[in-house]
Asks: 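Quick one: the structure is below, and I'll ask about it shortly.
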Amino acid sequence: MAPDPPEPEQLPICCKDIVTEFSKEILSFADSLFGLLSEALGLSSNHLKELGCAEGVDVAYNYYPPCPQPELTLGATQHTDTAFIAMLVQDHIGGLQVLHQNHWVDVPPMSQGLVVNIGNLLQVMSNDKFTSVEHRVLLKGAGPRVTAIAFFGIGYTSNSRLYGPIEELLSESDPPKYKKTTIQDFVAGAYKQGLDGTSFVQLLKLTDD
Ligand SMILES: O=C(O)CCC(=O)C(=O)O
Ligand SMILES: [Fe+2]
């Protein structure tokens with residue numbers, strides 16, 4: 001949806017207004033959020049925005065039909081998101097879980113609430129000061145379940161910048177843990193690896209710790 005949004009006639013009539021409005025609102029929210037994330041890293045509030053983190057967004061919609069035997073399958077297997085961050089709106093059904101201290105913890109749906117996941121690219125840029133969250137989706141007998149998810153960074157194909165650990169965060173005692181990559185190369189590597197439960201940040205690790 002950004003920086004090159006589809007022409008209005010390329011979107012289905014039933015959702016074109018809401019999709020356009022949603023994209024506009026999350027881009028504006030992302031501006032504030034990347035400011036706060038920059039400050040949390042001890043950087044100036046414009047730092048992540050100047051690196052293009054808030055410029056490109058892809059919006060995906062997931063549809064999980066009601067499942068007659070939910071205990072036999074998953075809606076989404078364990079993974080981390082490749083993006084800088086992902087912003088998720090979930091309906092009232094639930095099923096999203098995050099891995100915290102080796103336990104799966106429910107992320108209960110919150111009316112009007114957004115779930116924000118740190119993605120792989122921000123983990124790499126922060127040199128592990130932020131960690132991209134492992135998550136999965138359980139299926140329910142109830143439903144269907146619908147989620148809207150905005151991935152910042154990954155569909156921005158005209159962005160040829162190299163992303164790696166931010167220089168200002170590095171020192172002799174905190175050397176870079178990752179090599180630099182373009183978004184395109186990183187996403188291509190992640191798609192090739194597939195959702196096998198290994199975080200995609202491993203693709204860029206400089207050491208095997
Ligand atoms: O639908 C959800 O709750 C999460 C989906 C998800 O993790 C993804 O699309 O990457
Ligand atoms: Fe995800």
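Any value given below was found using the heavy atoms of this structure, including those in side chains, with hydrogens, waters and symmetry copies removed. Indexing begins at 1, ligand by ligand and atom by atom, following the structure's order. Starting from 1, each residue takes its place in the sequence as its number.
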Asks: Return the CG to CD1 distance between L139 and I93, rounded to the nearest 0.5 Å.
Replies: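 Result: 11.0 Å between the selected atoms.
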
Asks: Tell me: protein heavy atom nearest atom 3 (O) of ligand 1, and distance?
Replies: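 Answer, as residue, atom name and distance: R145 NH2, 2.8 Å.
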
Asks: Record the part of Q90 in heavy-atom contact with ligand 1 below 4.0 Å; permitted values are side chain, backbone, both and neither.
Replies: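 Within the 4.0 Å criterion, Q90 makes no contact with ligand 1.
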
Asks: Before moving on, can you tell me the angle at the Fe ion (ligand 2) between the OD1 atom of D81 and the NE2 atom of H79, to the nearest 10 degrees?
Replies: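 An angle of 100° at the metal.
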
Asks: Can we call the ring centroids of Y163 and F84 under 6.0 Å apart?
Replies: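 Yes - the distance between ring centres of Y163 and F84 falls below the 6.0 Å cut-off.
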
Asks: What I want to find out is whether K129 reaches D174 closely enough, with some N-O distance under 4.0 Å, to be called a salt bridge.
Replies: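 Yes, charged N to carboxylate O under 4.0 Å.
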
Asks: Write down the atom of L121, the atom of T82, and the distance for their closest heavy-atom approach.
Replies: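 Taking every non-hydrogen atom into account, CG-O, 3.3 Å.
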
Asks: Using modelled atom types and a 3.5 Å cut-off, is there a donor and acceptor pairing between side-chain atoms of Q78 and backbone atoms of V98?
Replies: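 No, the answer is negative, given that no donor and acceptor are paired below the 3.5 Å cut-off.
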
Asks: Taking H79 for its side chain and S199 for its backbone only, find out whether a donor-acceptor pair lies under 3.5 Å.
Replies: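 No, H79 side chain to S199 backbone: no donor-acceptor pair under 3.5 Å.
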
Asks: Would the distance check show the side chain of T73 and the main-chain N or O of P70 forming a donor-acceptor pair, the cut-off being under 3.5 Å?
Replies: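 Not confirmed, T73 side chain does not pair with P70 backbone.
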
Asks: Where is the nearest protein heavy atom to atom 4 (C) of ligand 1: which residue, which atom, and how far?
Replies: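 I find the closest protein heavy atom is V137 CG2, 3.6 Å.
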
Asks: To the nearest 0.1 Å, how far is atom 1 (O) of ligand 1 from its closest protein heavy atom, and which atom is that?
Replies: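 The answer is Y64 OH, 2.6 Å.
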
Asks: Is the contact between L88 and ligand 1 made by the side chain, the backbone, both, or neither, using heavy atoms and a 4.0 Å cut-off?
Replies: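 Just the side chain.
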
Asks: With a 4.0 Å heavy-atom cut-off (strictly under), which part of Y63 contacts ligand 1: side chain, backbone, both or neither?
Replies: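 Neither; nothing of Y63 gets under 4.0 Å from ligand 1.
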
Asks: At less than 4.0 angstrom from any non-hydrogen atom of H135, what atoms of ligand 1 do you find?
Replies: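 Listed by number with element, the hits are 7 (O).
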
Asks: What atoms in ligand 1 come closer than 4.0 Å to a heavy atom of N62?
Replies: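 With N62 as reference, the close atoms of ligand 1 come out as 1 (O), 5 (C), 9 (O).
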
Asks: For atom 6 (C) of ligand 1, find the nearest protein heavy atom and state the residue, atom name and distance (0.1 Å precision).
Replies: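 Answer for atom 6 (C) of ligand 1: H79 NE2, 3.8 Å.
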
